[in-house]
Amino acid sequence: FWSIQGNILEVSNVPVNERIIFRYEHKNDSLLLREPRINNRRLSDTLITDIRTLLPYGLTQLEERFSVEVLSHSKMVIRSKKLELRFKSF
């Protein structure tokens, strides 16, 4: 799941109870995800430095830029150099 609040984007892997947060910037037709961190409120939000942590979420770089192809209340389609990700709202 991906969720957004303020300037924070969270991706979560519910079965393993893992959450990763990013700072994000959305300007015009561009979405930049940066500063990925393991979301652990008890200890600290640890900065991720190993890209392998992000691969299960479809992310291939620690700082990833997407072009926004579709953005509405019901769906979002974003594209990087390697991927196209499609989302629908729940």
Side-chain angles (χ1 to χ4, degrees):
F1 291 102
W2 287 36
S3 57
I4 297 171
Q5 183 174 356
N7 67 344
I8 302 291
L9 183 143
E10 180 183 81
V11 297
S12 55
N13 184 344
V14 175
V16 297
N17 195 29
E18 180 179 72
R19 292 188 169 100
I20 297 173
I21 56 175
F22 295 85
R23 296 254 182 231
Y24 82 93
E25 296 174 25
H26 175 222
K27 293 182 183 177
N28 302 316
D29 291 338
S30 178
L31 176 67
L32 174 65
L33 303 182
R34 58 185 177 82
E35 298 178 36
R37 296 175 180 273
I38 298 288
N39 187 350
N40 185 342
R41 298 287 182 224
R42 287 185 222 149
L43 299 174
S44 175
D45 293 337
T46 307
L47 188 64
I48 294 171
T49 57
D50 185 347
I51 189 59
R52 291 177 292 180
T53 306
L54 302 178
L55 294 177
Y57 301 95
L59 301 167
T60 60
Q61 299 180 60
L62 295 173
E63 186 171 286
E64 187 115 34
R65 185 171 301 277
F66 295 92
S67 64
V68 178
E69 297 191 345
V70 176
L71 181 60
S72 70
H73 292 302
S74 62
K75 68 180 178 175
M76 176 173 70
V77 178
I78 57 178
R79 183 183 305 267
S80 70
K81 291 180 181 180
K82 295 182 180 182
L83 298 169
E84 178 181 276
L85 301 174
R86 297 176 169 267
F87 301 91
K88 64 180 180 178
S89 65
F90 288 97

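Owing to the predicted nature of the structure, the values given are computational and were not obtained by experimental measurement.
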Look up atom CG in L32 and atom NZ in K27, then write down how far apart they are to the nearest 0.5 Å. 9.0 Å
Atom pair NZ/CD of K82 and E64 - distance to nearest 0.5 Å: 8.5 Å
Could you state the interatomic distance from OG1 (T60) to CG (L55), rounded to the nearest 0.5 Å? 7.5 Å
Residues in side-chain contact (heavy atoms from CB on, under 4.5 Å) with R79, at least two apart? S67, E69, E84
Quick one: which residue pairs count as a salt bridge (charged side-chain N to carboxylate O under 4.0 Å, His left out) with a foot in residues 43-55, not counting sequence neighbours? R41-D45, D50-R52
H26 side, atom NE2; M76 side, atom CE - distance, nearest 0.5 Å: 9.0 Å
Please determine whether residues I78 and I20 belong to a single hydrophobic cluster, defined as Ile, Leu, Val, Met, Phe, Trp and Tyr linked transitively by side-chain heavy-atom distances below 4.5 Å. yes
Could you grab the distance from atom CG of N7 to atom CD of Q5, nearest 0.5 Å is fine? 10.0 Å
Give, for atom CZ of R23 and atom CZ of R37, the distance between the pair rounded to the nearest 0.5 Å. 7.5 Å
Does I51 belong to the same Ile/Leu/Val/Met/Phe/Trp/Tyr cluster as F22, with side-chain heavy atoms less than 4.5 Å apart forming each link? yes
Is there a continuous path of hydrophobic side-chain contacts, each under 4.5 Å between heavy atoms, that joins V11 to L54? yes
When hydrophobic residues are tied together by side-chain contacts of less than 4.5 Å, even through go-betweens, does L62 share a cluster with L33? yes
Mark yes when over 12 heavy atoms from residues, nucleotides or ligands other than R86 sit less than 6.0 Å from its CZ; otherwise mark no. no
Sort and list the pairs that fulfil ring pair (Phe, Tyr, Trp, His ring centres under 6.0 Å) and have at least one residue in residues 42-88, not counting sequence neighbours. W2-F87
Set of side-chain hydrogen bond (donor to acceptor under 3.5 Å, both in side chains) partners for E63, sequence neighbours left out: none
Please identify each residue that fulfils side-chain hydrogen bond (donor to acceptor under 3.5 Å, both in side chains) with E10, with sequence neighbours left out. N39
Given T53 and I38, is the side-chain contact (heavy atoms from CB on, under 4.5 Å) satisfied, shown in steps? CA-CA 9 Å; T53 306; I38 298 288; 4.1 Å; yes
Y24 reachable from I8 in the ILVMFWY side-chain graph, under 4.5 Å edges: no
Return the set of residues passing side-chain contact (heavy atoms from CB on, under 4.5 Å) with T46 (not counting sequence neighbours), or none when no residue passes. none
In terms of heavy-atom contacts, R65 and S30 come closest through NH1-OG, 3.0 Å
